[in-house]
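Values below: all heavy atoms of this structure, side chains included; hydrogens, waters and symmetry mates excluded. All of these numbers come straight from a predicted model, not from anything done at the bench.
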There are 2 protein chains.
Amino acid sequence: MRPNSSDDPGLRAILGGTEIPTAYKIGYVLNFYREPSFRAIEMEFGLTRPEIVILLALHFREGITASEFCEFSGHLKAGVSRAVIVLEKKALIRRQTDPRDSRRQLLFLTEAGRALYARYIPVLQAREAAMLACLSAAERRQLDGLLDKLAAHVPAWAGVSEL
Amino acid sequence: MRPNSSDDPGLRAILGGTEIPTAYKIGYVLNFYREPSFRAIEMEFGLTRPEIVILLALHFREGITASEFCEFSGHLKAGVSRAVIVLEKKALIRRQTDPRDSRRQLLFLTEAGRALYARYIPVLQAREAAMLACLSAAERRQLDGLLDKLAAHVPAWAGVSEL
DNA sequence: TGAATTTGGTCTCATATTAGACTTTTTTAT
DNA sequence: ATAAAAAAGTCTAATATGAGACCAAATTCA
């Protein structure tokens, strides 16, 4: 039988017998991954959380608009708007009004933005590696497969307001 | 071959080719689980995020202190202190100075606290079920097993400041 | 002992985040 | 065409949060 949270007393003290075991555990692990890394980046580079995430997103999807970013990231548009204004002031991104719809502003990284990203991404990578170090290669593949499935399914329930 | 995020163009647009794929996906899924639920609970019950989480933790581990909660939850002590004060004012928890160390305050749910918890936990449960609906029973067991392993391993890296 | 350090918890001030109102542009319906 | 509705983004005022100073109780160790 595979050990799980109900076997190990130390772990049980942390994870306990919540009524949302999976969500709780995901939250627990992610918190310890994300909070310290983000705090360090905030401090060292003077960025806010949405700023960090926007740079991250632009790195693989340049030319998106603020509201597209809101949609797939779940961030609130006020926060994103502020972050975008600040990022432009800092010359880390460039805004270009969409010629086909002048309400929309397409967002692009500048060279400085790309350079800043390159300075903080290694921290996040190292911490991800540390988080996953306890899993074998096969287990990581398994985990990634499950996460892909969960991620693909998000649109089916994320917006359902009764939940 | 199992489909994954690099195959589906729609998903790729969301998850992209980040350099922290696992962490990014966990964050993506968890965001959509947690943010809307917590926002709803905040609004409906007039609780703040740390207040919600403290009630959740006390439900399976009564008698812990604020700093123990900080340790295993990763929350900051200032926020927890504030939340504890407010929760006591609202008569949702009770504080009892530890007779063996009068700096420490043991925290307990009151009946009202238990009742409030009982009103909001179903929302979180329903949303967790929706999130996991795309996985088979076997896959959920797999996921929980991997999460238990990750959670058990957290103490090994969470505090390492070089990361 | 008793001085120095550590620990649990609170407080303060500066900053970040929220909900929701508002402006402008585009789309839809008539 | 034109009025109504929707959408993108910004702004504002209230609230929440974060880093770190602070106090009091407990522990260490000379």
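Atom CD1 in Ile41(A) sits about 17 Å away from atom C1' in dA16(C), given to the nearest Å. For the pair Arg49(B) CZ and dG18(D) C1', the interatomic distance rounds to 15 Å; values are reported in whole Å. Atoms NZ (Lys77(B)) and P (dA19(D)) sit 12 Å apart, rounded to a whole Å. Spacing between atom CD1 of Ile85(A) and atom P of dG9(D) amounts to 11 Å, rounded to whole angstrom units. The distance from atom CE of Met43(A) to atom P of dA16(C) is 12 Å, rounded to the nearest whole Å. Regarding Ile93(B), its CD1 atom lies at a distance of 11 Å from the P atom of dG9(C), rounded to whole Å. When rounded to the nearest whole Å, the span between CZ of Phe38(B) and C1' of dT18(C) equals 16 Å. A straight line from CG of Leu76(A) to C1' of dT12(D) spans 16 Å, rounded to a whole angstrom.
Heavy atoms of Ala78(A) sit under 4.0 angstrom from at least one base atom. Among the protein residues, Arg95(B) comes within range of the sugar-phosphate backbone only, with heavy atoms under 4.0 Å from sugar or phosphate atoms but none that close to a base. Within 4.0 Å (heavy atoms only), Glu42(A) reaches no atom of the nucleic acid at all. Using a 4.0 Å heavy-atom cutoff across all strands shown, Ser81(B) reaches at least one base atom of the nucleic acid.
For the helix from dT1(C)-dA30(D) to dT30(C)-dA1(D), the axis fitted to the five pairs at one end and the axis fitted to the five pairs at the other end meet at an angle of 30° (nearest 10 degrees).
More than 12 heavy atoms of other shown residues, nucleotides or ligands fall within 6.0 angstrom of atom CZ in Arg140(A).
The distance from the CD atom of Glu62(A) to the CZ atom of Arg94(A) is 8.0 Å, given to the nearest 0.5 Å.
No donor-acceptor pair closer than 3.5 Å links the side chain of Glu42(A) to the backbone N or O of Thr48(A).
The side chain of Asp101(A) approaches dT25(C) more closely than any other nucleotide in the set dG9(D), dA26(D), dT25(C).
Checked by distance alone, Arg103(B) brings no side-chain donor or acceptor within 3.5 Å of a matching partner on the base of dT10(C). For a distance-only test at 3.5 Å, the side chain of Arg82(B) qualifies as a donor-acceptor partner of the base of dG18(D).
Residues Leu147(A) and Leu143(A) are in side-chain contact: their nearest non-hydrogen atoms beyond the backbone lie under 4.5 Å apart. A 4.5 Å side-chain heavy-atom check between Leu109(B) and Leu92(B) finds every atom pair outside the cut-off. Using a 4.5 Å cut-off on side-chain heavy atoms (C-beta onward), Leu47(B) and Val86(B) make no contact.
Taking side-chain N and O atoms only, Arg39(B) has a distance below 4.0 Å to OP1 or OP2 of dT18(C). Note on Ser102(A): every side-chain N or O is 4.0 Å or more away from OP1 and OP2 of dT25(C).
Where Thr48(A) and Pro99(A) meet DNA chain C, the nucleotide closest to each residue was compared, and Thr48(A) sits on the side nearer the 5' end. Summary of the strand contacts: Val84(A) and Leu47(B) both lie near DNA chain D, and taking for each the nucleotide with the nearest heavy atom, the more 5' one is attributed to Val84(A).
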Exercise for the section: Apply side chain to side chain donor-acceptor pair (under 3.5 Å) to the pair Gln125(A) and Tyr120(A), showing each step before the final yes or no. Expected result: CA-CA 9 Å; Gln125(A) 285 178 301; Tyr120(A) 72 67; over 6 Å; no
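Proximity of the aromatic rings of Tyr24(A) and Tyr28(A) is defined here by a centroid distance below 6.0 angstrom, and this criterion is not met.
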